[in-house]
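To start, the structure under review is shown below, and the notes come after it.
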There are 2 protein chains.
Amino acid sequence: MKQKITLKHIAKELQVSISTVSKALKNSEEISRDTKEKIQAFAKLYNYKPNNIAISLKNKRTKNIGVIIPDIVHHFFTTVVRGVEKYANTKGYNVIVCLSDESFDKEVINMEMLANGSIDGFIMSLSSDTQLKGDYNHLKEVIEQGIPMLLFDRITNEVDCDKVIIDDQMGAYLATQKLIDEGRKKIALVTTEDYLSVSRERKTGFVRALKDNHMEVQEQYILQMPTMGMEEKPFKNFFDSVEVDAVLCVNEIFAISGMRYLKSKGKRIPEDVSFIGFTDGLLSKYANPSLTAIDQHGEKMGEAAAEILIEKIESELEEPSFKTKILSPTLIERDSTIN
Amino acid sequence: MKQKITLKHIAKELQVSISTVSKALKNSEEISRDTKEKIQAFAKLYNYKPNNIAISLKNKRTKNIGVIIPDIVHHFFTTVVRGVEKYANTKGYNVIVCLSDESFDKEVINMEMLANGSIDGFIMSLSSDTQLKGDYNHLKEVIEQGIPMLLFDRITNEVDCDKVIIDDQMGAYLATQKLIDEGRKKIALVTTEDYLSVSRERKTGFVRALKDNHMEVQEQYILQMPTMGMEEKPFKNFFDSVEVDAVLCVNEIFAISGMRYLKSKGKRIPEDVSFIGFTDGLLSKYANPSLTAIDQHGEKMGEAAAEILIEKIESELEEPSFKTKILSPTLIERDSTIN
DNA sequence: TATGAACACGAAACCGATTTCGTAATACTT
DNA sequence: AAGTATTACGAAATCGGTTTCGTGTTCATA
């Protein structure tokens, strides 16, 4: 086992001081050509690589970005992470991923771990637990400490920081308008609890589109799913009690499950009922029929987030000016809608 | 912006030495009750948290685990990451995720970045590029340096280290046997290029099951997909030229696409053709018909990997004893097979 | 009263780098 | 020849902790 070589080793071996070695390896003008060549050759031979930790301690910069997401087995979040990674790597940054598991406590713990010097900045999406609780002190503290922070997708107005979101309202509006343009009259919305910022926005867009088209907003057409995973029963109750001709779902799973149930009831999709789902993931593409979906451009979001955060990290300026970047969603038409 | 407080600050404020503060905060017997209480109270008041980087430098341990995977927008890998995270967090470790993007070069670069002090050990799955190339020197070097390394799923026999895999042969065997038990005679295998270790193993299991049942192995029943993403054409060529009554696919996408194509040709699933796919992901569950699948237990795999690696990291012993943990896959029966 | 132990704390080395500043040796100037 | 400038390098501080060892007080013991 050959141990990692340090400046000290090189210095001792070559009978020079550590400072000389350090300077020689950075090609400093201070060091003579001869010495530099000797040291550089030796370093190359022994494959010297500076210790990141030591450099981090000295520079007070780690070249690490902390990404905290609620779940990693989740298409949208992984595309965002991929985008972050992609951009961050081009700038020489590593990505430390932590999962909050939708839990407030885990979110706090992870943030604290990372905030003690491990990272130069945060990119995060709030856990549902945190949004439900409405407690953002852990974020505020980190920002207070001067650590750059960027929220994406699941954000809050309560903390001042950079943000990247897609225009969820617009996404829902686009989708709803598409359904209306198809001639649908009884359009349902399947959503989650209201405390999730994105669900709220999507509902607003849905309602706005109906109103703009002089259609009545009926609460009975809105289904709020209790928790993920057990969609069957609520769907049965819902679709057995109201007659609909189009459904907008805030995620893929709801859409797929909804289509399945209606198909089992003999409905044809899209002839009898159209479906549109949020998040253009694998399920949408491979569903049967394939699902018209709203693409949230997760990868672009991740890249944008990383770019904004890294710029903030590397900018010296103290003045806290925060921007919110709003990406536009796009409607990807497939076979669950007409045309 | 209130700066992070350090031992030095506390020492100056309380007119004691840095060593005293350090010891007091660790509740050392050396320090008097009075002084300890004073220092601890002060530290709590100002929310002192030691700097991870400094501790890492001193201890030569970072409490970080590097995870390198080929892709993150991939159900199986994310479940593994989740398992790693889950176990690692209970032990106070962070997870640094890097993506090789199936590229040899990115794999090398990421490993080198992390190997210079950023992590205490690696958990990784080889990129397809690396497996194709067959060059494992970057792994060997890292191991040479004494950094614990664990390979999972996509492994190689060329490097000596801990490994966690599922018994891919057994998975394929189980699945094939299931199809045979159903009375299928013309069983196809849809796989990828042979250089992926897992595909090779699965093919072996497939062949072994046929042989054990005294069935002929016919090369024409084996379809090797060129690259992911463009399955339509190869499927068309394949299914139009050979008549099959069952299909085993090495991933979900192949299975879903295959089912779709055969359905479009008027075949009924599972009556006319049965399907089984590897990796029990979202697609399997929500496919139509839902897909009988081989569960690779990604999360368990991640947990097992993290456990083995962390134990290695924390054990002092020099002797390099490596184990390979083989998890057993399970067949999850759904509607794409009979019964 | 001298001696040893126990107590409570500080100085300093160390982890592995970077960087400022000081200085010996040489070269150049007048 | 004396003074100045340049070259080439080393000592030491620093980042923020941990840890070993040394030491001044106080107390009890012979």
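This one's a predicted model, so the numbers in the text were calculated from it and none came from an experiment. A note on names: the letters A, B, ... follow the listed sequences, proteins ahead of strands, and every chain is numbered from 1.
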* To do: Identify whether the distance between the nearest side-chain nitrogen and carboxylate oxygen of B:R154 and B:E102 falls below 4.0 Å.
  => yes
* Asked: Within the structure shown, what part of the strands sits under 4.0 Å from A:S56 by heavy-atom distance: base, sugar-phosphate, or nothing?
  -> nothing
Picking from C:dC15, C:dG10, C:dA17, the nucleotide nearest the side-chain atoms of B:K60 would be C:dC15
Notebook entry, point to check: Would a distance-only check, ignoring hydrogens and angles, find a side-chain to backbone donor-acceptor pair under 3.5 Å from A:T20 to A:V16?
Noted result: no
Are any of the side-chain nitrogens in A:E144 or A:K140 under 4.0 Å away from the carboxylate oxygens of its partner? no
List, one per line, each side-chain donor-acceptor pair under 3.5 Å for residues 39-47 of chain B, sequence neighbours excluded.
{"unit_1": "B:Q40", "atom_1": "NE2", "unit_2": "B:A24", "atom_2": "O", "d": "2.9"}
{"unit_1": "B:N47", "atom_1": "OD1", "unit_2": "B:K49", "atom_2": "NZ", "d": "3.4"}

For nucleotides 18-22 of chain C, tabulate all protein N/O to nucleotide N/O atom pairs closer than 3.5 Å, reporting atom names and distance.
{"unit_1": "C:dT18", "atom_1": "OP2", "unit_2": "A:S22", "atom_2": "OG", "d": "2.7"}
{"unit_1": "C:dT18", "atom_1": "O2", "unit_2": "A:K58", "atom_2": "NZ", "d": "3.4"}
{"unit_1": "C:dT20", "atom_1": "O4", "unit_2": "A:K23", "atom_2": "NZ", "d": "3.2"}

B:K325 and B:D162 ion-paired at < 4.0 Å: no
Problem - Basic-acidic side-chain contact under 4.0 Å: B:K86, A:D101 - result: no
Margin query: Which label fits A:H74 and A:F77: parallel for a plane angle under 30°, tilted from 30 to 60°, or perpendicular past 60°?
Written below: tilted
In the 5' to 3' direction, the nucleotides of DNA chain D bounding the stretch that comes under 4.0 Å of a heavy atom in chain B are D:dC15 to D:dC21
Inset, instruction - Decide if the gap between the ring center of B:F104 and the ring center of B:H138 is smaller than 6.0 angstrom. - result: yes
